[in-house]
Protein chains: 2
Amino acid sequence: MSTAEETAGGEMPPWAEVTPDAARRLLVAAVEAFAERGYHATTTRDIAGRAGMSPAALYIHYKTKEELLHRISRIGHEKAVEILRTAAQGEGSATERLADAVSSFVRWHAGGRTTARVVQYELDSLGPAARAEIIALRRQVDAEVRGIIEDGVASGEFDVLDVQGTTLAVLSLCIDVARWFNVNGPRTPDEVGALNADLVLRMVGARK
Amino acid sequence: MSTAEETAGGEMPPWAEVTPDAARRLLVAAVEAFAERGYHATTTRDIAGRAGMSPAALYIHYKTKEELLHRISRIGHEKAVEILRTAAQGEGSATERLADAVSSFVRWHAGGRTTARVVQYELDSLGPAARAEIIALRRQVDAEVRGIIEDGVASGEFDVLDVQGTTLAVLSLCIDVARWFNVNGPRTPDEVGALNADLVLRMVGARK
DNA sequence: TCGCGGCCTGAGCGAGCGCTTAGCCTGCCC
DNA sequence: GGGCAGGCTAAGCGCTCGCTCAGGCCGCGA
């Protein structure tokens, strides 16, 4: 759907779909602020200031502060589903598809740690309706990973006792990266992706 | 040091060390509120209300709201270090000690999910001084796990390419449990602990 | 018996919050 | 050229926040 996808570097601009320009600048500012301080500790004045606007400008493009979080969360989760779906529908063996899924998903959490933090850890700040919508997207995330694992079990590639429990563990290895990854640390997103993909293949008992 | 340690059930009272009684009630109320809503979304009126006191009572026992979070975080991290240290200094092989460490640590995150959520995800709400103190405790957590893995590599029990990267992955499998575990879900803390311990042994290439 | 110190409350202060309103620019169509 | 619609700002409203303070209750030592 969108343009550049696997350009190297850190965070590519995945917010191209947000228009007009001022609305996108506000949303990007909100992502940064939410990731740094958390949703409740971020003020609308801070968001507007980062975007170079007055506090009132925010309310021309968004009805409330919560709508900003909702939009960020939905776009982020849709991107997460897309990454996993692309890997799951690939052509290789279950082993290859699982490794691809984990390394892509880990790269997304490490490289776009700012976005990933908001997406993964600020869910509870949404109201009931918005939260329900996001939870549905999370179930799709879970289903994509579980699907690959089930394929591998069916084909005999994997040796797994508890499919759903292992699915949760695989997702933990991806998502928790957003908690500890440090952009100035010794590891690149690619390296963490490769390592965690290898660890996941060991977990499911795939022969390397 | 303390009394009952491995009584079954959910959350044992690990706050016995907090005195006097009113201070402990306030702290327990704060843990619940912080876990439910997050630090910044929790008001001092809410904490005091849960403890059956007026808002002003809080400030007799704690100087600020942040001091409450600091105390919770320090006690929680000390407990985490204690759990892992106990497992690491056990008598078995590295394989047995790693499985013990992971299953205990996962049980703590699942059973005491309320506390674990605050401990693992509210670190950034602390001021610089308090945060530095807590980060030092986290390094001890990391070191205990890494120590066991290094032992296993040295003894030839484990086959690990990247010791520090694997340490981070093991901790992810433990800590992320606090994010997704549901007390009303189908799994008990014991079951998740056993499963994740098994998955970790696969990750480090231990023969079962 | 009485004073005194420790725990607690009711009332409320100053500040900063999310959000609104009135009005000003600017570019565009007729 | 004139009216108008959309994007923006300065000012500020009403509210709730973290926290304070003066005073009341209660148990205990003299």
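Below, each value reflects all heavy atoms present in this structure, side chains not excepted, and no hydrogens, waters or symmetry copies. All chains are named by letter (A, B, ...) in the order of the sequence lines, taking the proteins before the strands, and each is independently numbered beginning at 1. The structure presented is a predicted model; accordingly, all values stated were derived computationally and were not measured.
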Rounding to a whole Å, what distance do you find between [X]:[atom1] and [N]:[atom2]?
X	N	atom1	atom2	answer
A:Arg37	C:dC17	CZ	P	10 Å
A:Leu69	C:dG18	CG	C1'	15 Å
B:His40	C:dC17	NE2	C1'	14 Å
B:Leu68	D:dG18	CG	P	11 Å
A:Ile60	D:dC8	CD1	P	6 Å
A:Leu58	D:dT9	CG	P	11 Å
A:Lys63	C:dT20	NZ	C1'	15 Å
B:Asp21	C:dG6	CG	C1'	15 Å

Quiz item: So which one's nearest nucleotide on DNA chain C is more toward 5', A:Glu66 or B:Ala57?
Solution: B:Ala57
Looking at [X], I'd like to know whether one of its side-chain N or O atoms comes within less than 4.0 Å of OP1 or OP2 on [N].
X	N	answer
B:Tyr59	D:dC19	yes
A:His61	D:dG6	no
B:Ser54	C:dC8	no

Quiz item: Is there a donor-acceptor pair under 3.5 Å between the side chain of B:Arg50 and the backbone N or O of B:Ala30?
Solution: no
Quiz item: Under 3.5 Å, is there a donor-acceptor pair between the side chain of A:Arg85 and the main chain of A:Glu144?
Solution: no
Self-check item: Pair A:Arg24 + A:Asp21, salt bridge at N-O below 4.0 Å
Solution: yes
Self-check item: Ion pair B:Asp151/B:Arg146, N-O distance below 4.0 Å
Solution: no
Exercise. Determine the interplanar angle of the A:His109 and A:Phe105 rings, folded into 0 to 90°, and report it as parallel if under 30°, tilted if 30 to 60°, perpendicular if over 60°.
Key: perpendicular
From C-beta outward on [X], which listed nucleotide comes closest to its side chain: [options]?
X	options	answer
B:Ala56	D:dC21, C:dG18, D:dT9	D:dC21
B:Met53	C:dT9, D:dT9, C:dC19	C:dT9
B:Thr43	D:dC8, D:dC17, C:dC19	D:dC17

Exercise. Classify the side chain of A:Arg45 and the base of C:dG16 as holding, or not holding, a donor-acceptor pair under 3.5 Å.
Key: no
